[in-house]
Amino acid sequence: MRFAPIALAAALLIGAGTAQAQDYPTRPVTMVVPFAAGGPTDTVARLVAQSMSKTLGQQVIVENVGGAGGTIGAARVAKADPDGYTLLLHHIGQATAATLYRKLPYDPKADFAPVGLVTDVPMTIVAKKDFPAKDLKELVAYVKANPDKVTLANAGVGAASHLCGMLFMQALGTSLTTVPYKGTGPAMNDLVSGQVDLMCDQTTNTTGQIKGGAVKAYAVTTPTRVPSLADLPTTKEAGLPTVQVAVWHGIYAPKGTPDAVTKKLSDALKVALKDDMVKQRFNELGTEPVAEDRATPKALGDYVVAEIDRWKPIITAAGVYAD
Ligand code: MLT
């Protein structure tokens with residue numbers, strides 16, 4: 001009897017939590033993008049957020065929290081209230097940061113409640129438009145002969161551009177001066193204006209610039225060509241078979257978010273991935289939505305674990321770390 005009030009209070013709290021999850025969302029949801037506005041992650045997030053807003057009946061507002069290769073924004077979400085009102089849309093960096101950072105202020109496996117995978121984006125090796133190399137073979141020869149002269153832009157340690165740049169330098173056995181940005185949106189501006197020489201970046205950020213002739217493109221980093229950039233050879237075709245990476249994106253809530261909430265978000269994500277507006281824009285930008293069975297909490301949770309294991313030996317062999 002003495003414990004009855006406590007039991008009652010607990011039952012009421014559980015009941016309130018269930019009711020909250022059923023009503024969710026009753027106010028706008030923030031989707032943190034851990035890179036600058038106008039870049040590839042931002043592009044994917046804004047398309048998906050627009051569609052999810054319709055399904056959820058509340059605005060999903062994208063907030064850009066760039067810096068430190070995506071780890072500042074991810075840390076913000078890891079520490080947010082687990083109520084479903086703060087989400088993270090991050091990419092492969094969620095897995096690679098686990099090895100790249102000696103002191104990561106969060107645990108990518110333990111501190112998040114996965115919602116689902118979104119897309120796998122090919123990357124492209126691009127240069128400022130007057131860069132003196134007409135194809136990948138010439139680019140490799142030029143970089144090897146002039147490593148001190150060539151600058152390579154990226155979005156910080158943990159960014160996809162950093163990872164791809166690392167594979168590129170590893171393949172050439174050379175080291176270039178890297179120029180870090182808060183995202184490849186601003187990095188692309190400097191590439192177009194010729195302030196940096198090279199970048200490896202996602203098609204969601206490069207396709208328009210390649211087609212408009214604002215940058216020179218050498219190869220795509222996927223095993224097969226990308227239909228929207230069909231003239232561009234793969235790195236394998238062009239002679240750099242080890243520079244292979246596709247940038248998977250996923251949505252996360254903080255650990256402790258009720259399952260009913262992550263399920264609702266995953267269901268809204270599945271609708272977004274079938275939305276014609278999303279499919280068409282993804283297609284124009286050289287990517288496509290993942291299959292429905294990957295847009296689930298379990299699929300993303302398993303994938304993060306598998307990707308941490310897959311990249312660990314590659315990053316360790318490259319010997320690249322950040323504090
Ligand atoms: C961005 O949105 O700026 C990126 O995804 C950067 C990157 O990871 O290279």
Side-chain angles (χ1 to χ4, degrees), residues 31-49 62-77 87-101 104 108 117-127 151-169 176 178-192 196-210 215 217 220-222 243-252 281-282 285-287 304 307 311 315 318 320 322:
M31 181 181 275
V32 170
V33 163
F35 295 101
T41 317
D42 184 63
T43 299
V44 166
R46 283 177 197 276
L47 290 168
V48 170
V62 171
E63 184 184 345
N64 300 89
V65 184
T71 59
I72 294 174
R76 159 94 70 93
V77 177
L87 308 177
L88 174 71
L89 191 146
H90 197 357
H91 61 32
I92 193 168
Q94 181 75 334
T96 55
T99 307
L100 284 167
Y101 281 79
L104 198 59
L117 282 146
V118 178
T119 181
D120 297 295
V121 186
M123 299 195 84
T124 46
I125 299 173
V126 289
T151 52
L152 177 66
N154 69 34
V157 178
S161 46
H162 168 262
L163 183 67
C164 185
M166 185 189 86
L167 296 177
F168 178 74
M169 290 189 282
L176 303 176
T178 53
V179 186
Y181 294 80
K182 282 193 172 175
T184 52
M188 179 57 85
N189 294 339
D190 277 7
L191 191 73
V192 169
V196 280
D197 297 317
L198 291 181
M199 181 158 69
C200 187
D201 194 17
Q202 298 160 67
T203 56
T204 35
N205 202 36
T206 60
T207 301
Q209 307 293 1
I210 295 170
V215 297
V220 287
T221 63
T222 37
V243 185
Q244 291 235 7
V245 54
V247 185
W248 52 272
H249 292 67
I251 298 177
Y252 309 79
R281 277 305 285 149
F282 272 20
L285 295 170
T287 191
V304 169
E307 283 286 283
W311 285 102
I315 294 166
V320 187

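By convention here, the first residue in the shown sequence is residue 1. Note that ligands are numbered from 1 as they come in the structure, with each ligand's atoms numbered from 1 the same way. Everything quoted here is computed from the prediction, not taken from an experiment.
Defined by atom type and a distance below 3.5 Å, a donor-acceptor pair is missing between the side-chain atoms of S161 and T184. A donor and an acceptor atom, one from each side chain of T287 and T119, are located under 3.5 Å apart.
Atoms of ligand 1 found under 4.0 Å from any heavy atom of S161, numbered from 1 in the order shown, are 7 (C), 8 (O), 9 (O). Close contacts between ligand 1 and T184 involve ligand atoms 1 (C), 3 (O), 4 (C), 6 (C), 9 (O) [criterion: under 4.0 Å to a heavy atom]. When each atom of ligand 1 is checked for a heavy atom of A159 under 4.0 Å away, the hits are 7 (C), 8 (O), 9 (O). Per-residue contacts place G183 under 4.0 angstrom from the following atoms of ligand 1 (heavy atoms of the residue considered): 3 (O). In the vicinity of A155, heavy-atom distances shorter than 4.0 Å reach the ligand 1 atoms 6 (C), 7 (C), 9 (O).
In this structure, CD on Q209 lies 8.0 Å from CG on N189, to the nearest 0.5 angstrom. Here the OG1 atom belonging to T41 is positioned 7.5 Å from the CG atom belonging to L89, to the nearest 0.5 angstrom.
Of the N or O atoms in H91, one or more lie within a sub-3.5 Å distance of an N or O in ligand 1. Considering backbone and side-chain N/O atoms, A160 comes within less than 3.5 Å of an N/O atom of ligand 1. Residue T41 has at least one nitrogen or oxygen atom sitting less than 3.5 Å from a nitrogen or oxygen atom of ligand 1, judged on distance alone.
T96 and W311 make their closest contact through CG2-CG, 3.8 Å (heavy atoms, listed as atom of the first residue, atom of the second, distance). Y101 approaches G69 most closely through the heavy-atom pair OH-N, 4.1 Å.
Residue contacts with ligand 1 for Q202 involve side-chain atoms from C-beta outward but no N, CA, C or O (heavy atoms, distance under 4.0 Å).
Counting heavy atoms from C-beta outward, R46 and R281 have side chains that stay 4.5 Å or more apart.
Ligand 1 lies less than 4.0 angstrom from a heavy atom belonging to P40.
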